[in-house]
Amino acid sequence: MKISVNSPSKAIDLTLTLSCGQVFRWVQYGGSWFGTLGKTLVKIRQRKGYLDVQSSHPILRSTISNYLRLDDDLESIISELSEDTVFSQVAYEVRGLRILRQDPWECLISYICSRNSRISMIRRVLNNICQRFGEKVTLGEYTNYTFPRPEEIVEAKLSELIGCGLRYGRVQAEEIKNAAELVQKGALDFNVLKRMSYPEAKTKLISLCRGVGSKVADCILLFSLEKIEAFPIDVWVARAMATLYHKYLDKRLVKRILSNPHLSNADYERLSRFARDHFGRYAGYAQEYLYHWIRTKNVECDA
DNA sequence: CCCCAGGCACATT
DNA sequence: AATGTGCATGGG
């Protein structure tokens, strides 16, 4: 299947989008990207002006374009954000990065696992979870595993989850099982969250799911629940803000960030409110661009 | 040995 | 409301 991405509104850098750290399980192999969407193993290769898609099972064109958020007019989003001249410089250096529309369940578990960890390790933990609890899928010579459903995690033994290499062992294993139970019981309904306003959905997520605080909630809301105004702030984004936007921020706040980028709740709130005021409805896009910019600026991405 | 990574929950003040 | 502390993996 070919999906045209030939117009500026549909611009995409597939490699950048899949490897920038918003999603953890895509693998590049032989010039193509492999990942699972539901039970289907998908292979995507970017060609001139289009994406070439193959899959282990029949898949709709709309499933792919929906996942890649090709419905977002990237050109107009970036031009709206670029009224800020600082951002326009960042956007000049980072082109074709799109927010994905991930599966909320997988996104929830992924970001529970992400806390105070690093991308290479998050990837390993999630792959271990999929290998133990997911299903094997193959496409040609390539093999991958699906992300387990909540029912499969509800049945999982704590010790097996801990064995997947979680950063905070038992604590996170319990958080993951707790989340699975909430979803299975229907107490956590992602479609309801999608219909809520950003602040309501955030409050709901944090109060319901152990292991989900401000940062993790913002990631889930941005990457899987249609809240493009969400602005997750990790140590990197905090640094980017302190570097690029210090003139808008309290001097002591900037100093606190630069000396210790782990934010207190109060500072998280301050920065996050500034970001949504400053960037507006597409703050989440601004966040991803800043995140990628600061990481490639200072350090070689830990791939 | 040190430091740090897409932080959170809970206690203390 | 603000700050401090435990958590407890793995790589540089």
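Letters A, B, ... mirror the listed sequences (proteins, then strands); counts begin at 1. Here the structure is a predicted model, which is why all the values come from computation and not from measurement.
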Can you measure A:H262 atom NE2 to B:dG7 atom P for me and round it to whole angstrom units? 5 Å

Single hit among A:N178, A:L188, A:L193 for side chain to side chain contact (heavy atoms under 4.5 Å, CB included) with A:L208: A:L188

Quick check on the hydrophobic clustering: are A:L70 and A:L74 connected, directly or via other members, by side-chain heavy-atom contacts under 4.5 Å? no

Taking all atoms of both residues into account, what is the closest heavy-atom pair of A:S55 and A:H57, and its distance? OG-O, 2.7 Å

Which is more 5' along DNA chain B, the nucleotide nearest A:D234 or the one nearest A:R210? Just name the residue. A:D234

Less than 6.0 Å separating the ring centroids of A:Y289 and A:F279? no

Measure CD/A:E269 against C1'/B:dG7 and give the value in whole Å, please. 15 Å

Once you apply a heavy-atom cut-off of 4.0 Å, does A:E288 come out as touching a base, just sugar-phosphate, or nothing? base

Judged by each residue's nearest nucleotide on DNA chain B, which is more toward the 5′ side, A:G211 or A:V23? A:V23

For B:dA5 and A:R239 - does any side-chain N or O of the residue sit under 4.0 Å from the phosphate oxygens OP1/OP2? yes

What string of B, S and - do you get for nucleotides 1-11 of chain C 5' to 3' if you count protein non-hydrogen atoms under 4.0 Å? -S----BBBBS

For A:N260 and B:dC3, what is the distance between atoms CG and P respectively, to the nearest whole Å? 13 Å

How long is the line joining CG of A:L126 and P of B:dG6, in whole Å? 13 Å

Spacing of A:I99 atom CD1 relative to B:dG6 atom P, expressed in whole Å: 17 Å

Return the value, rounded to whole Å, for the distance between atom CG of A:L263 and atom P of B:dG7. 10 Å

For A:Y111, does the six-membered ring have the charged nitrogen or CZ of A:R115 within the cation-pi criterion, i.e. under 6.0 angstrom from the centroid and within 45° of the normal? no

Which whole number of Å gives the distance between the P atom of C:dT3 and that of B:dG6? 25 Å

Sugar-phosphate only, base, or nothing, as touched by A:V237 at under 4.0 Å among non-hydrogen atoms: base

Between P of B:dG6 and CD1 of A:I220, the distance in whole Å: 17 Å

Under 4.0 Å between a Lys/Arg side-chain N and an Asp/Glu carboxylate O for A:E174 and A:R210? no

Could you tell me the separation between the CD1 atom of A:I233 and the P atom of B:dC8, rounded to a whole number of Å? 11 Å

Sugar-phosphate only, base, or nothing, as touched by A:G21 at under 4.0 Å among non-hydrogen atoms: base

With a non-hydrogen cut-off below 4.0 angstrom, is A:F223 in contact with a base, only sugar-phosphate, or nothing? base

A:E175 near the nucleic acid: base, sugar-phosphate alone, or nothing, with a heavy-atom cut-off under 4.0 Å? nothing

Would you please classify the geometry between the A:Y67 ring and the A:W26 ring as parallel, tilted or perpendicular, with 30° and 60° separating the classes? tilted

